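Here the structure is laid out as structure tokens; the discussion comes afterwards.
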Amino acid sequence: MPATPDAEPLFGRVALLGAGLIGSSLAWAIRARGLAAHVSAYSRREETRRTIAELGFADSLHDNPGDAVAGADLVIFCAPVGANAALAEAITGQLSPGAIVTDVGSVKQAVIRDIGPFLPDGVHFVPGHPIAGTENSGPEAGFADLFEQRWCILTPPPGTPEAATEKLTAFWQGLGSTIEVMDAAHHDKVLAITSHLPHLIAYTIVGTATDLEESERAEVVKFSAGGFRDFTRIAGSDPVMWRDVFLHNRESVLEMLQRFSEDLTALQRAIRWGEGETLEGLFRRTREIRAGVVDAHQAGSFDPREPERSGTAGPVQDKADHPAE
Ligand SMILES: NC(=O)c1ccc[n+]([C@@H]2O[C@H](COP(=O)([O-])OP(=O)(O)OC[C@H]3O[C@@H](n4cnc5c(N)ncnc54)[C@H](O)[C@@H]3O)[C@@H](O)[C@H]2O)c1
Ligand SMILES: O=C(O)C(=O)C[C@]1(C(=O)O)C=C[C@@H](O)C=C1
């Protein structure tokens, strides 16, 4: 539920460390819903800072992470997870007592390992992960309703004061999300299969098809219709962000990849030996799962990733959805 404009904001100053898709969406959403009096943003590159200034979603812009967090009562790490340790080290002396530190990273155990040791006593760490995104990246890609009717998972380490988790819960609810609190290790396993492996498969299949195109002059991209095009959308996701996800959730991804490879081998056998029942049985099961996913979304979720099927075009669309353009 959006905050009313004259209500007291939940936070005085929110600092964003990195302002790409997620950071800029947070800034727009915080402003639209009146959740903070001031949004400060840190960005490394001058060119990106210029873009952010033109877009106008930050109240103050900084070329130094320490300056961005000074005086903030909420600090949100929004860079690729591989950048966290260096950023945490850079801000440690500037954090205000009582501040809440959180993040939006797609992995959680590595984030706790990399940021936790740099936080002084009296600063509360509540890692988070919005299950919301698109294949686009950078400050121009953000939009205010990205987090609406989406899950946000919080993974507070043992000993985190309840009040800090509650305040961050109120923040994400204010952005329109629904909260689930879970253990970081459990998060990393679940997301390995629901998000990380699908991205790995998409990157692989698009790479394989492109190699084939080069070696056999097969017209893969030209004739790519529904299925392959859907994969290219996911495979168009940010290379640095996803490099870091795989390097920082290694164990869980490798475990899920092992299971996936075994299942794939079973399908390979079924095709080789003409076992139609095996194939059809699996495809019927997965079709039911898809129907369940669609029902869940139709029960009230705006999904910017499926503009064609849901008929509700999101503000950021992939060119691949409009091949004639
Ligand atoms: N894209 C998604 O769908 C999605 C969804 C949920 C969570 N996340 C997580 O959100 C975080 C940000 O992802 P995004 O999609 O906004 O990426 P993005 O590429 O759009 O933005 C990342 C920002 O971080 C900056 N940055 C990159 N390397 C840096 C470094 N070493 N030091 C400081 N700044 C650096 C970039 O300049 C950019 O402004 C990641 O940790 C990602 O795992 C992404
Ligand atoms: O919608 C997409 O394009 C996404 O890939 C978003 C997605 C996902 O896998 O669902 C990607 C990474 C995240 O950490 C959370 C969400």
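Everything numeric here is computed off the predicted structure, so don't read it as measured data. Heavy atoms only: backbone and side chains are in, while hydrogens, waters and symmetry mates are out. Each ligand, and each atom within it, is numbered from 1 in the order the structure gives.
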For [X] and ligand 1, answer yes if some heavy atom of the residue is under 4.0 Å from a ligand atom, otherwise no.
| X | result |
| --- | --- |
| Gly138 | yes |
| Ser43 | no |
| Ala132 | yes |

Contacts of Arg50 that satisfy salt bridge (charged side-chain N to carboxylate O under 4.0 Å, His left out) - sequence neighbours left out: Glu46
Any donor-acceptor pair under 3.5 Å from Thr92 side chain to Phe118 backbone: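 Yes: the side chain of Thr92 pairs with the backbone of Phe118.
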Modelled atom types, side-chain donor and acceptor of Ser60 and His62, under 3.5 Å: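 There is such a pair (donor and acceptor under 3.5 Å, judged by atom type) between the side chains of Ser60 and His62.
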Asp238 neighbourhood, listing ligand 1 atoms whose heavy-atom distance to it stays under 4.0 Å: 19 (O)
Polar proximity ligand 1 side, Gly18 side, N/O cut 3.5 Å exclusive: no
N or O contact, Ser106 vs ligand 1, cut-off under 3.5 Å: yes
Best match, Gly236, Ala202, Ser195, Pro130: closest heavy atom to atom 7 (C) of ligand 2: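 Nearest heavy atom to atom 7 (C) of ligand 2 lies in Ser195.
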Cys78 contact mode with ligand 1 (heavy-atom cut-off under 4.0 Å):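 For Cys78, only backbone atoms sit under 4.0 Å from ligand 1.
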Which segment of Trp151 sits under 4.0 Å of ligand 2 when only heavy atoms are counted: neither
